There are 2 protein chains.
Amino acid sequence: MTDLDNSALNQLLNTLPGEEYQRLRPHLEPIEMPLGEVIYEPGGELRYVYFPITCIVSLLYVMENGSSAEIAVIGNDGMVGVALFMGGGSMPNRAVVQSSGRAYRLRAHQLMREFNQFGAMLHLLLRYTQSLITQMAQTAVCNRHHTVDQQLCRWLLLSLDRLPSNELNMTQELIANMLGVRREGVTEAAGKLQQAGLIQYSRGHITVLDRPGLETRVCECYHVVKAESDRLFPPPPPMPLG
Amino acid sequence: MTDLDNSALNQLLNTLPGEEYQRLRPHLEPIEMPLGEVIYEPGGELRYVYFPITCIVSLLYVMENGSSAEIAVIGNDGMVGVALFMGGGSMPNRAVVQSSGRAYRLRAHQLMREFNQFGAMLHLLLRYTQSLITQMAQTAVCNRHHTVDQQLCRWLLLSLDRLPSNELNMTQELIANMLGVRREGVTEAAGKLQQAGLIQYSRGHITVLDRPGLETRVCECYHVVKAESDRLFPPPPPMPLG
DNA sequence: GGCGCTATGTGCGGCAGCGTACAGACCGTG
DNA sequence: CACGGTCTGTACGCTGCCGCACATAGCGCC
């Protein structure tokens, strides 16, 4: 798989006009993102930003007492490290690789150089940040009002949307961390889904058997986030690059 | 009270360098913001943005079944309508006046004209959006892990920080809508605070008697949001304008 | 001063999720 | 093949919040 093929798989980079992309391309460094790697710690300096290709990154908030909650999920639809160009200088959350895979890494000052051209890159990144904001807002709502069952469905679908296959590698323990609930709660919820024939679970490996089934069980939060994301970034035809 | 005095009371406008502010000033239209007014509906077009002076605006998400949750609170520290320059074109949430008062209103295209100068205004607004993101993320965490008691404290302090006095006009019913809980839950939580001598409640009128007391009861979420906000916008000395 | 409205207080059954504990099940390794 | 570690399933009491139903209390208004 060539460099170019890879980058086409990050939808943000893919949306970038040719000229801008060519400027950036020499600085895009493809790297492996192993499961569990912590990309940012809260308060840490932002040296790089990441454009996921086949990996998924979670923005997590970890509380003083150790419990945690996922704020947003980022896959090949986005970028990790928006705080850089938003001007904070540091990251407010922890960012963890939730599903291993590849990503493009870009040095912070290279991104800022392009951002400060005030061209397509700026508008693209801001629009993406807007969709990220929607996701975070919806997470807040979902945490308030919906059951673990529904949230598990939402989480599965959000992850599935960012993966090429219908299989995830993820223990219930980890999912519980993301959702900010007990591991047993996930066991129970996953049990129901499995009994309904929607998924198959075995030791850290989930196969989604009936995606439409999940979509009927999920709360509106998933659809809201997806709709807004599709509105801001109209999904391209299957293979836009020749 | 003159025009200039008012605008000095919005910290964002206040932070703007003289030249930028002078360009904007003729277009800043001071208006009254009555309690309960809906400024934006989700999906609606963004004709104006608002810089609160003495009012507070809540970003709310209202679910299909009618229950709601507050996503963020905006007072004279910020601006309502960030989605405009983020590129969405429309607002994803409802925005409601939570505490009546005054605000500056600015036509969308006037803001965009200044934004597109790619100068101080752009960086200021992006930095503000970053602090808004932090608030939303923390709301998600708080909704997941903290009790109504703690959330009420957080909510009171966030509101208090955006008001000149230590009094709020707000029924328990409305607070419940904001927090996304039952009205009775707020009654109970407020009862505890009242019994502890921290606040005094009477028919839609709250007087905060012991602010430090609230701060000891509140969850970390409040402090995190405040710290990040102070970091991004170092609080000025009491009266920066001569 | 009585009426009606709105705001607040209270009580009760029910349930979802928590904390805890422990039992099986699966898997790699020696 | 036995062992240890990890992952998953199950059970039980507890708590916080919900939904509901009502009882009071302040406040304006005729």
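What you are looking at is a predicted structure, and each value in this text was computed from that prediction instead of being measured. So that the names make sense, note that chain A is the first sequence line, chain B the second, and so on, each numbered from 1.
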Practice task
Using the salt bridge (Lys or Arg N to Asp or Glu O under 4.0 Å) rule, take E45(A) and R47(A) through it: C-alpha gap first, then chi angles, then the decisive distance, then the call.
Solution key: CA-CA 6 Å; E45(A) 193 195 346; R47(A) 300 224 181 100; 3.6 Å; yes
Problem - Atom-to-atom span, CD1 of I175(A) to C1' of dG17(C) - whole angstrom - result: 17 Å
Problem - Side-chain-base donor-acceptor pair under 3.5 Å for R183(B) and dG9(C) - result: yes
Exercise for the section: Quick one: pull up OG1 in T171(A) and OH in Y201(A) and give me the separation to the nearest 0.5 Å. Expected result: 6.0 Å
Exercise for the section: For G185(A), answer base if it contacts any base atom (sugar-phosphate contacts may also be present), sugar-phosphate if it contacts only those atoms, and nothing otherwise; contact means non-hydrogen atoms under 4.0 Å. Expected result: nothing
Handout entry: R105(A) to Y48(A) six-membered ring, cation-pi geometry met (6.0 Å, 45°)
Key = yes
Exercise for the section: On DNA chain C, check which nucleotide each of H205(B) and R144(B) is closest to and give me the residue with the more 5' one. Expected result: H205(B)
Exercise for the section: May I have the distance from Y201(B) (atom OH) to dT6(C) (atom C1'), rounded to whole angstrom? Expected result: 13 Å
Fill in the blank from the handout: Outer limits of DNA chain D sitting under 4.0 Å from a non-hydrogen atom of chain A, read 5' to 3', are dG5(D) to dT10(D)
Problem - Side chains of N65(A) and S67(A), donor plus acceptor under 3.5 Å - result: yes
Problem - Test item: side-chain donor near acceptor, R144(B) and Q151(A), under 3.5 Å - result: yes
Exercise for the section: Quick one: label T147(A) by what it contacts on the DNA or RNA (base, sugar-phosphate, nothing), any heavy atom closer than 4.0 Å. Expected result: sugar-phosphate
Practice task
Can you tell me the distance, in whole Å, between the CZ atom of R203(A) and the C1' atom of dG24(C)?
Solution key: 11 Å
Exercise for the section: Please lay out, stage by stage, how D77(A) and R162(A) fare under the test salt bridge (Lys or Arg N to Asp or Glu O under 4.0 Å). Expected result: CA-CA 7 Å; D77(A) 60 322; R162(A) 286 158 180 78; 3.2 Å; yes
Problem - Distance test, side-chain N/O of R182(A) to OP1/OP2 of dC18(C), below 4.0 Å - result: yes
Exercise for the section: Give one of base, sugar-phosphate or nothing for E184(B), where a contact means two heavy atoms less than 4.0 Å apart. Expected result: base
Handout entry: Contact nearer the 5' end of DNA chain C, comparing T171(B) with V148(A)
Key = T171(B)
Handout entry: Whole angstrom value for the distance that separates C1' of dT8(C) from CG of L193(B)
Key = 15 Å
Practice task
Determine, for F233(A) and R127(A), whether the Lys NZ or Arg CZ falls below 6.0 Å from the six-membered ring centre while staying within 45 degrees of the axis.
Solution key: yes
Handout entry: Q194(B) side chain near dT8(C) phosphate (N/O to OP1/OP2, under 4.0 Å)
Key = no
Exercise for the section: For K192(B) and dG9(C), give me the distance from atom NZ to atom P, rounded to whole Å. Expected result: 13 Å
